[in-house]
Participant: 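Before anything else, here's the structure in question.
Counting convention: from 1, in listed order, for ligands and their atoms alike.
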Amino acid sequence: MDASSRLYAQVWLPVLSDGYTYGVPEQLQGAVVPGSLVRVPLGRRRNVVGLAVSVGTQCPDGGFVVRDIESVVSDHPTVTAQQLELWRWMAGYYLCTCGEVLRAALPTALSDGSYRPAEIICYREGCGDGSSLTAKGRALLEAFRQMGGEDAVPRTRLLPVAGPSVLATLLKHGYLQEEVRTVSRFPKMTGSDTIPGLSGAQQRAFDEVLQGFGQSKPVLLHGITSSGKTVIYMHLIRRCLEQGRRALLLVPEIGLTAQLTERLRAVFGDRLAAYHSKLSDNERAEIYEDLLSGNRFQVILGVRSALFLPLDQVGLVIVDEEQEPSYKQYEPAPRYHARHVALMLAHLRRVPLVLGSATPSMESYYWAGKGKYALVTLTERYGGVQPPEVVCVDREYAFKTNRMRGMYSRTLLQALRDTVDGGGQAILFQNRRGFSSSLECPQCGWMPKCPHCDVPLVYHKRTNQLVCHYCGSKAPVAGTCPKCGPVELQGHGYGTEQVVEQLKELMPDVTVDRMDIDSTQSKHAYDRMIARFASGETQVLVGTQLVAKGFDFERVGLVGVVNADNLLAFPDFRAQERAFQVLTQVAGRAGRRSVRGKVVVQSSQLGPELLQALCGQDTDAFYRTQLEERRMFGYPPYCRLVSVTLRHRDEALLERTVNGLCQRLRERFGDRLLGPQAPGTGRVQDQAVRQFLLKFTLKDDLTGFKAELSQALSAVRSAVPTLRVVVDVDPV
Ligand code: ADP
Ligand code: ZN
Ligand code: ZN
């Protein structure tokens, strides 16, 4: 072949590097197109599966020998042009390689070419060779005709009628013919296709959502718990299907959405695909293939990785609980945020998108305020169910006036007593993840904060110093509280165990159970605990976040938050936002249809706006004050953050490398660079750790800065290959 017409393919490989060039041998021309999975040699390895992303006659520069593609994995392209477009954007935005995106994106069964559809043996009727049949043979043939009619009948259905030998005889004489069929791994099921009619308020919201679509804006559907967001989603999905498009509904974690899956399944039947990590690899591959070239699955209910599916025919994207931090992938790269990727997907595809939440993220609220998103609100629970009564107890005041018994205020104890005596149940929430490396005043809950960043300072035991994890500034450990004077500041300690212990002393007649990561190690223990609570045997359940989500029991009349201040102890500017979201979720567990629930929140640090918002009075005021603080201290959504973490066994080497890197970066980035500093935990897995943070304004040329950062990091990586570098764009 003449050299000028030789074809080359650019191939992504699931390794820590970007595209590679391979030659396309003559016999594979036409078979290798953008989106084809191919097998290539890599170093000494052979048959490494990669993705061809472009094919052309352009010879790569450089004098190296170009090796040839060995074979193609399947006879049709596996990845569409639209997927490639989104994946390229992800690699660029999240500062990772295309190979890393590829590794996250493809079900293994597809990328190693091992995907086999499920097959079964079936029988069709044949004309037979005229031999006469035994009574058993005739009976089997008759049964066959009744089962199948025109269609083939699976072997598994015929075998119980007569044994294998009778079946074999019918086959031998040609009365039946064998056939191997491809079948789905998902059972057939017809949905009812009926969705509850919309209430007046819901209909208004639905119409407003459509108006938002009409303006080509993402829609933020801000509706309190039980206002009927899910019912509205279902109407939107049906409308989308009627237009001949598929719909994608993203959820944070599938484990917590069994109820949602059931509700959708009842309506859409087996047109619904639930896509999550508990599926087998073959099941995931089947859904992928169907979206690529089939037409069974019309509604995809999925976790964040569903965004990698071939969604070319998607006409609607919904992100439920859009504020959930678990939409962010931490490890490994790409460290993407599903909400952000969904927004980009909808933008590229020009399809409507809905962000749904009872407690929207500050970001979404901000953009709605700016008019970039259309805002739709639902402020009443469906069916006139009353939201719970929220009572706030000032811990500090209760403490000073001698109204605390250990961790319990009189108000909370009385509410517990009333609830239990009335035959009801209670949930006590204690956030155990309280960050013990920050300090607080045991009396009033005050925490030392960074004057520049407004986040709690982190106590570093080794150096006996307080350090800010944003700007790196340090302060000595003071022994005084500005309000209470000289008291010894303490680490956050109390966990669920102490909560249970004290309650048993104070109310010995009450049955108490504890639910947290430690007490629910096995699925069995978890199920038993739920069963005890559901049966009413347990009167008070003490738990962590585990009790906050999707936990609906008819008899729970009271929710108590033992120490809400714990939620603010994180060295994180999002602490207030998270506290509000978690508390709202926990409060939502109180009271069902019949009785109005009660929520008692003990705290001394929650601001009045947060407490008001929690009582359902004025959510806007809370969001406004929070946004104002974010603006003042320069946090998202008023800026963009990129965090860089570096690890190495050799602390001195790490220190030198990071200091050198930061010095170079600072020349260009100036005071956009904060740090470097060692995190409170010091060493992780026997490696020393250093971090720094980059803070960009919304006006900065982010793409340019990111490119420079990438270059600097690659240089450091090649200089110290054993260095581990983690870049997190938009950390949460
Ligand atoms: P959200 O998603 O906002 O929490 P849901 O859609 O789950 O709210 O609605 C809460 C409860 O009210 C559910 O049990 C739901 O079936 C019921 N519900 C909501 N809207 C309607 C409606 N229009 N007709 C009948 N039942 C409804
Ligand atoms: Zn104090
Ligand atoms: Zn600071």
Side-chain angles (χ1 to χ4, degrees), residues 194-206 221-237 249 251 256-257 259-264 266-267 318 320-322 354 356-360 376-385 387 394-397 399-400 439-458 466-475 478-490 549-550 552 554 565 571-573 584-585 588-589 592-593 604-605 632-635 671 674-675 677 691-693 695:
T194 46
I195 306 171
L198 296 170
S199 71
Q202 291 168 348
Q203 184 66 49
R204 261 196 307 283
F206 181 82
L221 177 58
H222 179 185
I224 63 167
T225 311
S226 289
S227 56
K229 292 185 293 298
T230 311
V231 175
I232 291 179
Y233 297 161
M234 291 198 279
H235 281 274
L236 290 170
I237 291 170
L249 172 53
V251 289
L256 300 168
T257 48
Q259 235 192 341
L260 177 61
T261 315
E262 262 170 50
R263 280 168 81 182
L264 291 172
V267 175
I318 301 171
D320 190 29
E321 306 275 6
E322 60 89 24
V354 177
S357 178
T359 50
V376 178
T377 49
L378 268 174
T379 51
E380 53 191 73
R381 285 195 177 189
Y382 175 77
V385 179
D394 184 335
R395 269 171 67 229
E396 187 191 357
Y397 180 72
F399 195 80
K400 283 188 180 153
L439 299 178
E440 73 166 356
C441 166
Q443 205 157 305
C444 74
W446 174 84
M447 279 169 268
K449 283 186 172 176
C450 173
H452 314 294
C453 306
D454 196 39
V455 296
L457 294 166
V458 176
L466 295 171
V467 181
C468 171
H469 277 202
Y470 281 86
C471 68
S473 71
K474 299 185 171 78
T480 57
C481 165
K483 263 199 218 161
C484 312
V487 290
E488 194 170 340
L489 299 182
Q490 294 176 351
K549 289 179 187 169
D552 288 335
E554 189 61 34
D565 299 338
D572 182 342
F573 65 90
T584 305
Q585 212 157 38
R589 303 302 125 219
R592 313 300 325 158
R593 270 176 211 294
S604 45
Q605 292 294 314
M632 262 163 49
F633 287 98
Y635 287 128
D671 55 11
L674 307 174
Q677 76 258 349
Q691 294 173 326
F692 61 91
L693 191 71
K695 204 184 229 191

Participant: Between Ile224 and Lys229, which heavy-atom pair has the shortest distance, and what is it?
Facilitator: O-NZ, 3.3 Å

Participant: Excluding sequence neighbours, so at least two apart, what forms ring-ring contact (aromatic ring centres under 6.0 Å, His included) with Tyr635?
Facilitator: Tyr470, Phe573

Participant: Relative to the Zn ion (ligand 3), how many protein N, O or S atoms have a separation of less than 2.8 Å?
Facilitator: 4

Participant: Roughly how far, to the nearest 0.5 Å, is the NE2 atom of His452 from the CG atom of Asp454?
Facilitator: 12.0 Å

Participant: Report the residues that fulfil side-chain hydrogen bond (donor to acceptor under 3.5 Å, both in side chains) with Thr230, sequence neighbours left out, ordered by chain and then residue number.
Facilitator: none

Participant: What protein N/O/S atoms are found closer than 2.8 Å to the Zn ion (ligand 2)?
Facilitator: Cys441 SG, Cys444 SG, Cys481 SG, Cys484 SG

Participant: Are any of the N/O atoms in Gln202 less than 3.5 Å from those in ligand 1?
Facilitator: yes

Participant: Is a side-chain donor or acceptor of Asp320 paired with a backbone partner of Val251 at a separation under 3.5 angstrom?
Facilitator: no

Participant: I'd like to check whether Gly197 has a polar contact with ligand 1, where a contact means an N/O of the residue lying under 3.5 Å from an N/O of the ligand.
Facilitator: yes

Participant: Which is closest to atom 16 (O) of ligand 1 by heavy-atom distance: Arg263, Gln259, Gln203?
Facilitator: Arg263

Participant: Using heavy atoms and a 4.0 Å limit, tell me yes or no: is Ser227 in contact with ligand 1?
Facilitator: yes

Participant: Using a 4.0 Å cutoff against the non-hydrogen atoms of Pro196, which atoms of ligand 1 qualify?
Facilitator: 22 (C), 24 (N), 25 (C)

Participant: Would you please determine whether Ile224 falls within less than 4.0 Å of ligand 1 on a heavy-atom basis?
Facilitator: yes

